[in-house]
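Take a look at the structure set out below.
Lettering of chains follows the sequences in order, A, B, ..., and the numbering in each one begins at 1.
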Number of protein chains: 2
Amino acid sequence: MYSGEYVPPTLTIDSVVFQWSAEQGLSVLLIQRSYEPFMGAWALPGGYCAAGETTRDAMSRVLSAKGGIDTDRLGLVEQLYTFDTVARDPRGHAVSVTYTGLGRDLKPAPGDTTQNPTFWPLQKLPDLAYDHADILAYALQRLRSKLSYTNVVYALMPPLFTLSQLQSCYEAIAGRSLDKRNFRKKILASGFLKETEKMHATGAHRPARLYEFQQQTLQTSDHIYS
Amino acid sequence: MYSGEYVPPTLTIDSVVFQWSAEQGLSVLLIQRSYEPFMGAWALPGGYCAAGETTRDAMSRVLSAKGGIDTDRLGLVEQLYTFDTVARDPRGHAVSVTYTGLGRDLKPAPGDTTQNPTFWPLQKLPDLAYDHADILAYALQRLRSKLSYTNVVYALMPPLFTLSQLQSCYEAIAGRSLDKRNFRKKILASGFLKETEKMHATGAHRPARLYEFQQQTLQTSDHIYS
DNA sequence: ACAAAAGTGTTAAGAATACACCCATGT
DNA sequence: ACATGGGTGTATTCTTAACACTTTTGT
C-alpha cells in the first residue's frame, strides 16, 4: 500500500558512552554542538543513519567522527531504546535508536567538526540538548539494574584491579555505599572473578591483591549485591 | 554532511501481541502473508512506518489494519527492541522497531487484506517468516522476566479472577509449575491484588474467591515467585 | 458418599545483614 | 611508632522451599 510514494522518517542514532575512573567516578561522553539547533549546547554524540547502514554501524561511525572514540576500544556496546524524538531537523519528526557503550581509559580525539568531545562526571553535568537528559537517565537506570545481576563492570575496569577499586566502581554506579565484607563475599561467590598472584602496592599501607574478570563478555548470575 | 542527499532506510514496525486464556494458555497473534516475500507463511503483524508518524502510532495502525486488533483493547503496550533486520524489501535493509502488546478476550477482526489474523498457542507454532521467531523468543523472555518483579499479568487477566486462574497464567508464562501455598503467600504479600466479596462457583467443588488488581498500570515490586 | 478444586501453616535450610578488629606496608 | 587502606568471621534476621490435609460444593 505504501509502495511508490513511501517516505520513511529521518533515522538517527545517539550514543551514551560511560567510563569509570577512580578519580572522576562515572562519567559520560558529551560533545558541544557547533551548529543549530542547540548551537553551543552539550549533547550526546549522535547523527544520521542512512539507507544501507545498520544502526550499529552508524553508531560506530558517528562516535568516531563526532565523539573521537573508536568503538573497538569499548568493552561493551548495547542497544538501549528507540526514541521517537523531537525533530532534530525542523522539517519533520526523527526516530533515534540509542546505544550504550562502556569503556575505560578513553581519550576522545578532537571531533572532526571541532565539537569538544569530553567526558563529564555525572555529578556535574551541564544542561543537555534535545531530550538527551532523559536518554542519559534511562541509560543510567539500565546500567544500574544490570550491575546487580551481571558482570557488566568488566567493561569499565582495567584488566587487573583490587577489590576495593571494584567496590568503588559498584558504589559509583549504584549511588550508595556497600558493606566491604559482604561485598567481597558475594562478588567472589559469583564466580565472575579470578584471583591473580599479583599485588598492587601503593602508599603507606598493606598491598592489595589484584583480580581479573574470568570473561570479558556479558554474563548473568544471581544477585551480586543487595 | 548528509543534508540534501540523505536517504533514510526503510522503517518498519512489528508487533508481538500475547493473550492468555484458561483453555489455550498463552498465545500470540500471527497473520498469514498474502503476497511475496514469504507468501503463505505466518508472521508477526508488521508494516511500514512513514515520515510524520511515530512508531507507536504506526504500530496501532498496522495492528488494526492487518491484525484486526484495536490497540485500545490492549492492557499494555511496550517497546521491545529495534532490529536491523533482513530486508523486508529486496531493495535494501530495513530497520524494524518492535512492540509487545498484552490483552485478553481478543477476537481479531479479519485483516483488511484477508491475512487470517489468528492467535496461536505457543505450544504449537508454525514456522515464521523473516527473523520473527527470534523476535518472538525475545518478547517471551522479556515477558518472563517482568513476571517475577512486576504486576504485568494484570493485562492478561480478566477484571475478576481466582487465585488458581492467576497461578496457571503465571505457570504458562514461566513454563513451570509453582507451589500453591507459596504462590498465594507471595502474591498476596506483594500488594498487587485486592480481595473482593465475590465468589466464583463452577462445577462440583468449593467455590473460589475472586480477586482483582489494585492497579491496571505497570507496577514494580520485589520478587514475587522464586 | 464421593469426586473435585479451594483453601490453609509449619518447619528447615539458605541468604542477607550488621558489625569490629588485626595485617602489612611506607614514612 | 603511627597512619593508611587491606583483609577477615560470626551471629541474627529474614526469605525461601518443601510439604499434606481439611473444606465446600454438585451430583
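- Atom NE2 of B:His200 is separated from atom P of D:dT24 by 19 Å (rounded to the nearest Å).
- B:Thr202 comes within 4.0 angstrom of no nucleic acid atom, judged by non-hydrogen atoms across all strands.
- Taking atom CG of residue A:Asp179 and atom P of nucleotide C:dA15, one finds them 18 Å apart after rounding to whole Å.
- Ring planes of B:Tyr81 and B:Phe83: perpendicular class, angle over 60° (limits at 30 and 60°).
- If you check distances only, the side chain of A:Arg181 does reach the base of C:dA20 with a donor-acceptor pair under 3.5 Å.
- In this structure, A:Ser164 does not reach the D:dG5 phosphate: none of its side-chain N or O atoms is under 4.0 Å from OP1 or OP2.
- A donor-acceptor contact closer than 3.5 angstrom is absent between the side chains of B:Ser221 and B:Ser190.
- For A:Asn182, taking side-chain heavy atoms from C-beta onward, the closest of the listed nucleotides D:dG26, C:dA18, C:dC23 is C:dA18.
- Here the P atom of nucleotide C:dT11 and the NZ atom of B:Lys185 are 12 Å apart, to the nearest Å.
- As rounded to whole Å, 19 Å separates atom P of C:dA16 from atom CZ of A:Arg184.
- Looking at B:Pro159 and B:Arg104, their side chains come closer than 4.5 Å, going by heavy atoms from C-beta outward.
- Rounded to a whole Å, the CZ atom of A:Arg206 is 10 Å from the C1' atom of C:dT25.
- Among the heavy atoms of the strands lying under 4.0 Å from A:Arg209 are primed sugar atoms or P, OP1, OP2 only; no base atom is included.
- Here C:dG7 presents its C1' atom at 12 Å from CD of B:Glu195, a figure rounded to the nearest Å.
- No side-chain N or O of A:Gln32 forms a donor-acceptor pair with one of A:Ser34 less than 3.5 Å apart.
- Ring orientation note: the planes of B:Phe213 and B:Phe161 are tilted relative to one another, at an angle of 30° to 60°.
- In this structure, A:Leu166 places its CG atom 12 Å from P of D:dG6, rounding to the nearest Å.
- Rounded to whole angstrom, the span from the NE2 atom of B:His205 across to the C1' atom of C:dA4 amounts to 6 Å.
- Side-chain N/O atoms of A:Lys180 and base N/O atoms of C:dT17 include no donor-acceptor pair closer than 3.5 Å.
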